[in-house]
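Heavy-atom basis, side chains included; hydrogens, waters and symmetry copies ignored.
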Amino acid sequence: MKIIIIGDGKVGYTLAENLSQEDNDVTIIDKDPEPLRKAIEYLDVMCIRGNGVSTKILMEAGVKDADLLIAATTSDEMNMVCCLTAKKLGAQHTIARIRDPEYASELSALKRDLGLDMVINPEHACANEIGRVLSYPTAVSVEPFAKGKVELAELKVVNGMPLVGMKLKDVSARISSSILIGAVIRDDEVFIPKGDFQIKENDMIYVIGRPSSVYNFCSRVGLYREKVKNVMIIGGGRIAYYLAQYLEEAGMKAKIIEIDKNRCYELSELLPNTLIINGDGSEESVLNSENLRGMDAFVAVTGRDEENLLTALYAKQCGVHKVIAKINRVNYASMIKDMGIDSVVSPKQITANGIIRYVRGLKNAMGNPVETLYKIIGDKAEAIEFVANQSTKFVNVPLHDLKLRDGILVATIVRKSEIIIPHGKDVIKPGDSVILIVKDKHFSDFNDIIAPGGAS
């Protein structure tokens, strides 16, 4: 696909990096030569210096033949104008980054009036991710599939758990048969485990099943913890605003510490039920005076990775059970988790996952496009959801009669309200949502998971 990205900031660069790796023809437009220089040096993309609103620049980038244009500059208004102009010049599909909360209630009208196919809001998506993790205090990350009917939870195996030393085939009999351990990360290597795979201490396991089943599994392996009631948030930006809204609706109490006094006034008006504190959240004295040790959870979402990391480590040292840090440098995520921080979130990576899912769907709009996509560790493995339809070539065939490509696990089948942890005799029927764990491969069509001759 021919894709144009306007804006080469953190989100734009991450999108270009991920989309170019999936064999797309990517062109980046930006006014600043410095980020373009980095993109030229490290990515297989074409770069054009100029204003993405300019018809001349868009024509130079080949907008007439573009399958998709993504406007990801720092200005919501500029992104809207870029998309509107691109559609009129011939771009097939457009995506705009729109971050201002004031536009949130008008998104459906904006999409219709501007011809937008998708709107991305990295901060809102990041806040939702943090909110899900706080609702699930034992998990490192939680990703919903099949419209929330199924959850994929990342959990850490620690000393004393009954799982340590247990083979996968025994987990079903001894602990729970209603979940599946679909992937295991050990020493930065991803395994799609089989029955004889033995779980070890410090493994990161990915458990998939109905939300209640995953919760019960956590309880049985000693990961049950009281629900989060009080949350301290460091940084008063957009993520903090969206997160506080989420927590209010979930019945949790939030306290935001923000250094900018004017922003504190704004937040106090926007969030009347959230306590807003004007202070430097990186100072121990401020954290201690605001009862850090009495908090159930701590979330660091300032604009600086270093500050988020240091304050999160201090919160962990003070005994806070659930500690989450926002970082932009995703390549450091696994190292930071090893330091003791429970969860690490990256707005740009969350956004990239959503865009990649959309792009893969466009590539195969007439077949079985990707419904949901979640990258498990960098680019090494993915959890993908497809819906079987009339073009699926292997419906009603028992799974043990299918020859899947290497590195693929059929993790869950969702049939209406029924959640099936599949075995060899189970079949995929039209309309089923099927969640796969896939290692070292990218799929945009459900039919591609079958090896040649594997469905006969």
Side-chain angles (χ1 to χ4, degrees), residues 9-11 74-77 97-106 121-135 228-318 320-328 341 343-348 350:
K10 292 168 187 170
V11 171
T74 54
S75 165
D76 290 353
E77 292 75 17
R97 179 166 79 161
I98 300 177
R99 307 157 69 199
D100 195 319
E102 289 186 15
Y103 290 123
S105 60
E106 304 165 6
N121 185 333
E123 289 81 9
H124 189 263
C126 185
N128 284 345
E129 170 98 354
I130 296 169
R132 284 195 299 270
V133 172
L134 291 175
S135 300
V228 169
K229 295 175 183 174
N230 299 296
V231 183
M232 180 181 286
I233 304 169
I234 305 302
R238 287 191 177 102
I239 295 176
Y241 166 74
Y242 288 124
L243 178 58
Q245 282 189 320
Y246 186 107
L247 298 179
E248 280 184 14
E249 291 174 9
M252 301 181 216
K253 290 184 179 178
K255 176 189 291 186
I256 298 174
I257 300 178
E258 164 61 36
I259 197 169
D260 186 317
K261 187 176 285 188
N262 290 330
R263 179 58 176 166
C264 287
Y265 288 135
E266 288 177 22
L267 288 171
S268 63
E269 290 181 10
L270 293 167
L271 302 165
N273 298 318
T274 300
L275 182 60
I276 312 297
I277 306 295
N278 179 220
D280 187 350
S282 64
E283 290 187 4
E284 291 179 22
S285 58
V286 173
L287 296 175
N288 293 335
S289 68
E290 293 303 327
N291 191 28
L292 173 63
R293 285 177 168 80
M295 292 291 142
D296 301 315
F298 177 91
V299 182
V301 287
T302 75
R304 297 179 64 232
D305 285 1
E306 296 81 2
E307 190 172 317
N308 294 337
L309 175 57
L310 289 172
T311 54
L313 287 171
Y314 180 68
K316 203 67 189 171
Q317 202 176 59
C318 290
V320 180
H321 290 305
K322 190 70 180 180
V323 175
I324 302 172
K326 184 208 84 172
I327 63 163
N328 291 310
I341 294 173
S343 302
V344 172
V345 294
S346 167
K348 63 182 184 180
I350 293 167

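- In this structure, the separation between CD1 on I234 and OG on S282 is 8.5 Å, given to the nearest 0.5 Å.
- In summary, the side chains of Y265 and D260 do not present any donor paired with an acceptor at a separation below 3.5 Å, with no hydrogens or angles considered.
- Between A244 and I256, the shortest heavy-atom contact is CB-CD1, 4.1 Å.
- In this structure a side-chain-to-backbone donor-acceptor pair under 3.5 Å is missing from N230 to K253.
- Atoms CG and CG, on N291 and L287 in that order, are 11.0 Å from each other to the nearest 0.5 Å.
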Review point. Does the pair R97 and V11 meet the rule for a side-chain contact (heavy atoms from CB on, under 4.5 Å), with working shown?
Key: CA-CA 9 Å; R97 179 166 79 161; V11 171; 3.2 Å; yes
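- Interatomic distance, E283 CD to S289 OG, rounded to the nearest 0.5 Å: 9.5 Å.
- At a threshold of 4.5 Å between non-hydrogen side-chain atoms, the residues V301 and N308 do not count as touching.
- Counting heavy atoms from C-beta outward, Y103 and D76 have side chains that approach closer than 4.5 Å.
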Practice item. Apply the test side-chain contact (heavy atoms from CB on, under 4.5 Å) to residues V299 and L134: give CA-CA distance (whole Å), side-chain angles for both, the deciding distance (0.1 Å), then the verdict. Key: CA-CA 10 Å; V299 182; L134 291 175; 4.2 Å; yes
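- To the nearest 0.5 angstrom, E269 atom CD is 11.0 Å from I276 atom CD1.
- Of all heavy-atom pairs between M252 and S135, the closest is CE-OG, 3.7 Å.
- Under 4.0 Å is where a charged nitrogen must lie from a carboxylate oxygen, and between R99 and E123 at least one such pair does.
- Other residues, nucleotides and ligands place no more than 12 heavy atoms under 6.0 Å from the NZ atom of K10.
- Nearest heavy-atom pair across I350 and C126 is CD1-CA, 3.8 Å.
- By the 6.0 Å contact criterion, CD on E102 is open, its count of non-hydrogen atoms from other residues, nucleotides or ligands being 12 or less.
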Check your understanding: What's the verdict on side-chain contact (heavy atoms from CB on, under 4.5 Å) for L309 and I327, showing C-alpha distance, side-chain angles and the deciding distance?
Key -> CA-CA 8 Å; L309 175 57; I327 63 163; 5.7 Å; no
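- Distance NE2/H124 to CG/L243: 10.5 Å, rounded to 0.5 Å.
- Within the 4.5 Å cutoff, the side chain of N273 has no heavy atoms near those of the L271 side chain.
- Using a 4.5 Å heavy-atom threshold, the side chains of M232 and L292 count as touching.
- The shortest heavy-atom contact between N328 and K348 is O-CE, 2.5 Å.
- The shortest non-hydrogen separation linking M295 to V320 is O-CG1, 3.8 Å.
- For the atom pair OG of S285 and CD of E290, the computed distance is 10.5 Å after rounding to the nearest 0.5 Å.
- Using a 4.5 Å heavy-atom cutoff, the side chains of Q245 and P101 are not in contact.
- N128 and Y242 are not linked by any side-chain donor-acceptor pair at a separation below 3.5 angstrom, with hydrogens and angles left out of the test.
- Here the side chains of L267 and Y241 are in contact, with some heavy-atom distance below 4.5 Å.
- The two residues I130 and I239 come nearest to each other via the heavy atoms CD1-CG2, 4.1 Å.
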Check your understanding: Under the side-chain contact (heavy atoms from CB on, under 4.5 Å) criterion, do Y246 and R132 qualify, and how do the steps go?
Key -> CA-CA 9 Å; Y246 186 107; R132 284 195 299 270; 3.8 Å; yes
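- For the pair I277/K255, a side-chain contact is recorded, criterion being any heavy-atom separation below 4.5 Å from C-beta on.
- In this structure a side-chain-to-backbone donor-acceptor pair under 3.5 Å is present from K326 to T302.
- Considering only heavy atoms from C-beta on, D280 stays 4.5 Å or farther from I257 through its side chain.
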